[in-house]
Amino acid sequence: MIFGHILFGTISLIGVLLLDYGFRDEFNSLNLIQKLAIFFSIFGIFATVAFGLFMVGNLLAGAAVSIVGLVLLVYLIRPTVKEKNSNK
């Protein structure tokens with residue numbers, strides 16, 4: 001049971017990382033629903049992993065996963081924020 005949870009969680013995490021990398025250049029051209037779907041997928045997976053690590057008492061690993069998730073989200077939305085600031 002635990003092995004399945006770890007296996008499928010790892011597959012989900014890899015999928016989210018590929019989403020982040022794959023849409024980094026096209027993220028601005030997506031509509032709001034598509035952007036939110038990708039954003040919440042990335043946030044949800046990393047939040048779940050970090051929450052699990054914090055619950056078992058592994059604070060260092062939980063903090064590391066939280067930081068990696070936040071960095072990936074900032075990396076993904078950075079062009080969107082930069083574009084909005086240049087339009088002002």
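Y21 and F27 fall into different hydrophobic clusters, where Ile, Leu, Val, Met, Phe, Trp and Tyr side chains are chained together by heavy-atom contacts under 4.5 Å. With hydrophobic clusters built from ILVMFWY side chains whose heavy atoms lie under 4.5 angstrom apart, I45 does not share a cluster with I14. Residues L32 and L30 share a hydrophobic cluster, clusters being chains of Ile/Leu/Val/Met/Phe/Trp/Tyr side chains in contact below 4.5 Å.
Side chain of E26 to backbone of F23: no donor-acceptor contact under 3.5 angstrom is found.
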Using atom types as modelled, flag every donor-acceptor pair under 3.5 Å from a side chain in residues 55-70 to any protein atom, sequence neighbours excluded.
unit_1: N58; atom_1: OD1; unit_2: A61; atom_2: N; d: 3.3
unit_1: S66; atom_1: OG; unit_2: G62; atom_2: O; d: 2.8

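Residues S41 and L19 share a closest heavy-atom pair of CB-CD1, 4.4 Å.
Under a cut-off of 6.0 angstrom, the local environment of CZ in F54 is crowded, with over 12 non-hydrogen atoms contributed by other residues, nucleotides or ligands.
How far CD1 of I33 is from CD1 of I38: 12.0 Å, rounded to the nearest 0.5 Å.
A side-chain contact (heavy atoms from CB on, under 4.5 Å) with F46 is found for exactly one of V71, L73, L72, namely L72.
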